[in-house]
Amino acid sequence: MSHTPFAVAPEEAASIARDLEQGRTLPLSWYTDPAVTVAEIDRIYSHTWQYIGRAADVAAVGQFVTADVAGRPIVVVRDRDGSLNAFHNVCRHRGAKVVLEECGQRRTLQCHYHAWTYGLDGSLKGAPRSKSEVGFPQDDLGLRKASAQTWGPFLFANLDAAPEPLETQLADVPALTAGAGVDVDNLKFHFRVEYDLKCNWKVAIENYLECYHCPNAHPGFSHVLDTDMTSYQLVLEPTLAWQNGPLRQLSQGVAPEITGYTGRDGAVPEGRYFAVFPNMKVNINPGLPNLSIGPIVPMGPDNSHGFLDYYFGADVSQQWIDDMMVFDNEVGAEDTVLVESVQSGIRSGALEHGRIMLESEKLIAGYQRWLLDKLNTKDA
Ligand code: FES
Ligand SMILES: [Fe+2]
């Protein structure tokens, strides 16, 4: 079986960009074609920062965290000199994953297969029987470098050895998080929620980028937050998009609910939802300090895997967390139905393009433009 690599030539990209300005979506074939997914992993996922876990897990010398970024294994480790190193978690011998555990602490990165031993700096320190090999090029067989950085308690990795700094991709997310009333340095990790979606990863992100569907598809969410067009704010930036949802005004004389999640009982006055391109969500719900963060990654054209790590302020009660999770899980379950139905519709081939509402879905248009630029072969 031979595959032609997916590429968007500059002229084609210019024509698609004009279509986008008119509200025509990217070609829907890009949501089902395996060659597009391969191109997205090569051109986008291999060069962007990905949230992988908790900075606290790589605080001490020898502590490591492993992750798969769109199927590409990576290991982040704290070196003896204090630096945070990242490597492709792929043995230079025959390609095994060097480290299999999700996290832990080790003196070396020794491969579990034939025990080639790498230092915390990635250099090959020794390979059994290598002395019997004539001209064994030990110095050339270090682990391939990747990158790691932290923001507050959050750990990020990048498969690229020399990427743009994390700060460029996050842009003003840290400032807007602080501005929302959440001090990330005072957050405590509670749990990770993993999920699978039977849809293309872009369908999941696009669903997250608009609240046009909220009044119709999320009655619970729209009861707490004001999802009307005039109140709910959509902001597009070069590397991300974010949404600000104020609490719905209570009508005069109506007492707020006293049971369950209300969002009205803390220092965080509004919901704030960030999509850092290409695939990272950061959610802040109103109420007490809370933040969830995580990626959605492609598992082929029709399937995605995501997770969210939930953090809460140190004083937030378990009851409040349970109540907020009921609210959050309801929204998540509603969204799953939406995105999976979109994938079935796209998969049918009945349409070549969708239609974007350029006001209410302007973040989708901006995001698709960002993707188009990344897939354009002009700088390949
Ligand atoms: S594959 Fe790692 S030591 Fe052989
Ligand atoms: Fe939704």
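When a ligand or atom number is given, it counts from 1 through the structure's own listing order.
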Item to check | Heteroatom N/O/S of Cys91 within less than 2.8 Å of atom 2 (Fe) of ligand 1 | outcome: yes
Next on the checklist: I want to check something: taking the side chain as every heavy atom from C-beta on, are Thr262 and Val224 in contact at a cut-off of under 4.5 Å?
Outcome noted: no
Item to check | Atom of His93 closest to atom 4 (Fe) of ligand 1, considering N, O or S atoms | outcome: ND1
Checklist entry - Closest N/O/S atom of Asp335 to the Fe ion (ligand 2), by atom name? => result OD1
Next on the checklist: I need the atoms of ligand 1 closer than 4.0 Å to a non-hydrogen atom of Trp116, numbered in the order shown.
Outcome noted: 3 (S)
Checklist entry - About how many Å separate CG of Asn303 and CD of Glu340, when rounded to the nearest 0.5 Å? => result 8.5 Å
Item to check | Between CD1 on residue Ile321 and CZ on residue Phe312, distance to nearest 0.5 Å | outcome: 4.5 Å
Item to check | Asp228 vs Arg248, salt bridge (charged side-chain N to carboxylate O under 4.0 Å, His left out): CA-CA, chis, key distance, verdict | outcome: CA-CA 9 Å; Asp228 296 353; Arg248 192 170 284 288; 3.6 Å; yes
Checklist entry - Is any N, O or S atom of Cys111 under 2.8 Å away from atom 2 (Fe) of ligand 1? => result yes
Item to check | Where the Fe ion (ligand 2) is the vertex, angle from His213 NE2 to His218 NE2 to 10° | outcome: 90°
Item to check | Ion pair check, Arg43 and Asp373, cut-off under 4.0 Å | outcome: no
Next on the checklist: Report the atom name of the nearest N/O/S atom of His114 relative to atom 4 (Fe) of ligand 1.
Outcome noted: ND1
Checklist entry - What do you reckon, is OH of Tyr212 surrounded by more than 12 foreign heavy atoms closer than 6.0 Å? => result no
Next on the checklist: Out of all atoms in ligand 1, which are within 4.0 Å of some heavy atom of Ala96? Include the element for each.
Outcome noted: 1 (S)
